[in-house]
Engineer: 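The following block contains the structure, expressed as structure tokens.
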Amino acid sequence: AAADERTRQGTTWDEASGSREPAAVSAVGRKRKENYRANETVEYHSNGDRSCGGNPQLEADRARVRRLTSDALYDIGDELEVEAKKGTEWETKLSASAAAFVPRVRPVAAKPMPLAEGLRLAKESWKKSRCGRTEEMHTGGRRVITFLDICCGIGGFTLAATMMNGVDGNVWKGEGGVDFCRSLKEYWEQNFSHPFECADVTDSEVQNRLVRKYRSIVLGLLSGPCQPYCKSGNKRKGDARVDVMRAGVAIYLRIRPMCFVLENVDSFEKCKWEPVWEQELRPKIEEAGYHVAMVRSNAKHGLVPMNRLRLWVVCTLYPRTGKLERRLAQMAAMGEVKLSEWYSELKYVRHRPCRGGPAVFDARRKAHPCFLTHCMEDVNLDKYKLRKGDPVHPREATLLSLRRKKQMCGLPPEFALPPKGKRCRLPECCGGKSYPKDLLGVGLGNVVIAPQALVSLRNLELPPDVGTAVHQETGGHS
């Protein structure tokens with residue numbers, strides 16, 4: 001679209017400078033912009049209350065924010081143009097990952113792809129590359145990137161990693177998924193070819209076995225329980241679920257993969273009632289020689305219409321250049337994806353809120369609130385009383401279908417999920433709970449949003465010689 005606009009205006013593109021001005025005036029424009037940026041603070045300070053009687057430093061800061069925002073938007077356009085010229089295979093895989101995800105990530109499309117076409121592509125992609133199938137190995141390129149997913153749940157993090165298969169010519173191969181709930185195994189085996197292990201990672205014997213079995217992995221994934229750190233939770237110190245995060249980190253520090261990534265809620269870093277990260281985990285990881293980077297991303301920024309803010313802790317044995325941080329800054333500048341942008345017929349949508357929050361929101365104004373473990377439950381329409389923030393009564397609002405909730409999580413149409421209403425009552429895992437929750441609701445509420453995780457994995461800056469070499473001729477690897 002940008003190229004068509006430049007052609008219509010009769011301008012030319014200055015390839016040497018990469019400037020967005022016509023070539024005839026690009027040099028003058030660049031010089032004027034550089035002078036302005038260099039003197040903006042001096043100008044505001046010397047002129048004092050220049051614009052609206054405000055503080056000079058405040059006005060300088062505001063000008064700087066406007067400039068940085070503009071630069072971020074230019075960077076977005078530049079990156080999309082480069083990717084459009086590449087026409088690499090990863091773009092096709094990314095586009096086919098989820099139906100409604102297609103219009104937001106296809107930079108070469110002249111117009112958004114219809115939802116029906118996205119569903120067809122997702123279905124074909126899911127049948128052709130069933131997450132780590134050996135028959136697809138020969139299509140890979142230079143290296144095999146092996147990974148392990150601890151606290152895997154229904155497999156959102158693993159799905160994002162398998163979507164990386166083929167990026168930069170590498171083969172991403174799952175070695176295993178580990179979770180405490182045995183009832184998830186039958187659905188995992190329908191979605192992925194690598195094994196699922198039901199294990200309590202807080203047990204020292206289990207840790208020893210996992211370290212011996214997966215000692216050669218390149219990448220580790222860990223999405224531990226987030227409830228102990230949630231601001232809307234009980235805020236109690238001594239939650240036993242914190243030990244799961246401790247155990248997962250301990251396993252990876254013994255395996256020493258080239259990189260491991262932790263995913264959790266935003267408050268995990270500075271949690272006051274459970275400061276496990278600042279007081280325990282971070283010192284241990286840095287003492288082990290890892291570089292630690294903490295970044296945040298919200299799924300509603302350029303990805304899916306869900307307000308899901310997450311913290312990503314990237315731990316590497318190699319230095320990074322900040323590619324992930326720059327990419328997330330660009331995505332934040334894209335703005336919020338409203339729910340009506342995906343489903344234009346929606347107006348008011350209801351959901352079961354957290355505690356005393358409103359149960360209805362306007363889909364034309366905002367994204368859907370973050371899915372919780374009770375996301376498959378409806379509001380009690382007979383007893384519900386209007387709360388502050390409700391535009392209408394829940395009776396007048398729409399409840400999202402399971403199909404749409406799967407799309408918002410970035411899951412392919414044929415991704416197997418537990419049936420609604422099924423609860424795990426197995427004595428070896430969840431049977432001891434006083435009130436077992438709906439497996440489907442827990443799975444969608446705790447799932448790692450695949451497109452959101454994919455952004456982090458795509459910008460890990462793994463060294464080119466990492467992993468195991470692939471032989472192009474035979475499709476095997478040494």
Engineer: Is there a side-chain contact between Leu439 and Cys181 (heavy atoms, below 4.5 Å)?
Structural biologist: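 Contact flag for Leu439/Cys181 side chains = yes.
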
Engineer: Kindly compute the distance separating CG (Leu339) from CG (Asn307), expressed to the nearest 0.5 Å.
Structural biologist: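 That separation rounds to 12.0 Å.
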
Engineer: What are the two closest non-hydrogen atoms of Met306 and Ala367, and how far apart are they?
Structural biologist: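 What the structure gives for the nearest pair is N-CB, 3.7 Å.
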
Engineer: Return yes when atom NZ of Lys420 has more than 12 non-hydrogen atoms of other residues, nucleotides or ligands closer than 6.0 Å, and no otherwise.
Structural biologist: no

Engineer: Side chain of Glu377, backbone of Arg352: donor and acceptor closer than 3.5 Å?
Structural biologist: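 Side chain of Glu377 to backbone of Arg352, a donor-acceptor pair under 3.5 Å: no, none is there.
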
Engineer: Surrounding NZ of Lys338 (heavy atoms of other residues, nucleotides or ligands, distance under 6.0 Å), is the total greater than 12?
Structural biologist: yes

Engineer: Answer yes if the side chains of Asp243 and Thr202 hold a donor-acceptor pair under 3.5 Å, and no otherwise.
Structural biologist: no

Engineer: Using only atom types and a distance under 3.5 Å, with no angle test, would you say the side chain of Lys437 pairs donor to acceptor with the backbone of His374?
Structural biologist: no

Engineer: Counting distance only, does the side-chain N/O of Trp312 pair as donor-acceptor with the main-chain N or O of Ala293 below 3.5 Å?
Structural biologist: no

Engineer: How close do Asn459 and Val455 get, heavy atom to heavy atom, and via which atoms?
Structural biologist: ND2-O, 2.7 Å

Engineer: Please examine the side chains of Trp273 and Asp239, heavy atoms only from C-beta on, and report whether any two atoms are closer than 4.5 Å.
Structural biologist: no

Engineer: For Asp378 and Arg350, what are the C-alpha separation, side-chain angles and deciding distance, and is it a salt bridge (Lys or Arg N to Asp or Glu O under 4.0 Å)?
Structural biologist: CA-CA 8 Å; Asp378 198 359; Arg350 73 173 184 264; 2.9 Å; yes

Engineer: Distance-only, no hydrogens or angles: does the Gln452 side chain make a donor-acceptor pair with backbone N or O of Ser297 under 3.5 Å?
Structural biologist: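 Yes.
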
Engineer: Any side-chain heavy atom of Thr158 sitting closer than 4.5 Å to one from Trp188?
Structural biologist: yes

Engineer: Scan for salt bridge (Lys or Arg N to Asp or Glu O under 4.0 Å) pairs involving residues 388-397, sequence neighbours excluded, and state none if there are none.
Structural biologist: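 Output for this query lists Asp382-Arg395.
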
Engineer: Donor-acceptor pair, Tyr384 side chain versus Ala359 backbone, under 3.5 Å?
Structural biologist: yes

Engineer: Classify the ring geometry of Trp172 against Phe147: parallel below 30°, tilted from 30° to 60°, perpendicular beyond 60°.
Structural biologist: tilted

Engineer: Within the structure provided, determine whether Phe260 and Leu148 are in side-chain contact (heavy-atom separation under 4.5 Å).
Structural biologist: no

Engineer: Would you give the length of the straight line joining atom NZ of Lys323 to atom CG of Leu328, rounded to the nearest 0.5 angstrom?
Structural biologist: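 The CG atom of Leu328 is 12.0 Å from NZ of Lys323, to the nearest 0.5 Å.
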
Engineer: Tell me, with the steps shown, if His351 and Leu400 meet side-chain contact (heavy atoms from CB on, under 4.5 Å).
Structural biologist: CA-CA 8 Å; His351 66 105; Leu400 286 184; over 6 Å; no

Engineer: What heavy-atom pair brings Thr373 and Gln227 nearest, and what distance separates the two atoms?
Structural biologist: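 Smallest interatomic distance, heavy atoms only, reads CG2-NE2, 4.2 Å.
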
Engineer: Is there a donor-acceptor pair closer than 3.5 Å between any side-chain N or O of Tyr252 and the backbone N or O of Leu221?
Structural biologist: yes

Engineer: Ignoring hydrogens and geometry beyond distance, is a side-chain donor-acceptor pair present between Arg404 and Gln407 at under 3.5 Å?
Structural biologist: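 No, because no side-chain N or O of Arg404 sits under 3.5 Å from a partner of the opposite role on Gln407.
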
Engineer: When you measure from the side chain of Arg387 to the backbone N and O of Gly357, does any donor-acceptor pair fall under 3.5 Å?
Structural biologist: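 Yes; at least one donor-acceptor contact below 3.5 Å.
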
Engineer: When you measure from the centre of the six-membered ring of Tyr348, is the NZ or CZ of Arg364 under 6.0 Å away and within 45° of the axis?
Structural biologist: yes

Engineer: Can you find a heavy atom in the side chain of Ile449 that is under 4.5 Å from one in the side chain of Val304?
Structural biologist: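 With C-beta onward as the side chain, the pair touches.
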
Engineer: Is Lys406 reaching over with its side chain to a backbone N or O of Phe415, donor-acceptor style, under 3.5 angstrom?
Structural biologist: yes

Engineer: Find the distance between CG (Leu417) and CG (Leu402) and round it off to the nearest 0.5 Å.
Structural biologist: 6.5 Å

Engineer: Indicate yes or no: at least one non-hydrogen side-chain atom of His393 is less than 4.5 angstrom from one of Leu386.
Structural biologist: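 The answer is yes, as the side chains (C-beta and beyond) meet within the 4.5 Å cut-off.
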
Engineer: Rounded to the nearest 0.5 Å, what's the gap from CZ on Phe180 to SG on Cys424? Could you check?
Structural biologist: 9.0 Å

Engineer: Could you go through the side-chain contact (heavy atoms from CB on, under 4.5 Å) check for Leu411 and Leu159 one step at a time?
Structural biologist: CA-CA 8 Å; Leu411 303 178; Leu159 177 62; 3.8 Å; yes

Engineer: Do Leu460 and Leu219 come close enough that some side-chain heavy atom pair is under 4.5 Å?
Structural biologist: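 Yes, at least one pair of side-chain atoms sits under 4.5 Å.
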
Engineer: Using the test ring-ring contact (aromatic ring centres under 6.0 Å, His included), find all partners of Phe371 that sit at least two apart in sequence or belong to another chain.
Structural biologist: His368

Engineer: Just grab all the salt bridge (Lys or Arg N to Asp or Glu O under 4.0 Å) pairs involving residues 438-452, residues at least two apart or on different chains.
Structural biologist: none

Engineer: When rounded to the nearest 0.5 angstrom, what is the spacing between SG in Cys354 and CG in Leu372?
Structural biologist: 5.5 Å

Engineer: Taking all non-hydrogen atoms of both residues, which atom of Arg308 and which atom of Cys370 are closest, and how far apart?
Structural biologist: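 In terms of heavy atoms, the two residues are closest at NH1-SG, 3.0 Å.
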
Engineer: Between Lys366 and Lys300, is there a side-chain heavy-atom distance shorter than 4.5 Å?
Structural biologist: no

Engineer: Assess the residue pair Ser456 and Val314 against the criterion (side-chain contact (heavy atoms from CB on, under 4.5 Å)); give the C-alpha distance rounded to whole Å, side-chain angles, the decisive distance to 0.1 Å, and a yes or no.
Structural biologist: CA-CA 9 Å; Ser456 297; Val314 181; 5.7 Å; no

Engineer: Given side-chain contact (heavy atoms from CB on, under 4.5 Å), test Leu399 with Val379 step by step and report yes or no.
Structural biologist: CA-CA 9 Å; Leu399 182 66; Val379 182; over 6 Å; no

Engineer: Taking all heavy atoms of Val201 and all of Ile150, pick out the closest pair and write down the distance.
Structural biologist: CG1-CG2, 4.1 Å

Engineer: If we check side chain to side chain contact (heavy atoms under 4.5 Å, CB included) with Val249, which of these qualifies: Leu222, Val244, Val313?
Structural biologist: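 Going through the options one by one, the only one that passes is Leu222.
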
Engineer: Under 3.5 Å, is there a donor-acceptor pair between the side chain of Arg310 and the main chain of Val448?
Structural biologist: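 Answer holds: no.
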
Engineer: Under 3.5 Å, is there a donor-acceptor pair between the side chain of Glu274 and the main chain of Gly238?
Structural biologist: yes

Engineer: Restricting to non-hydrogen atoms, name the atom on Phe196 and the atom on Cys152 that form the minimum distance, rounded to 0.1 Å.
Structural biologist: CE1-SG, 3.6 Å

Engineer: Output the distance between atom CZ (Arg282) and atom CD (Glu269), rounded to the nearest 0.5 Å.
Structural biologist: 7.0 Å

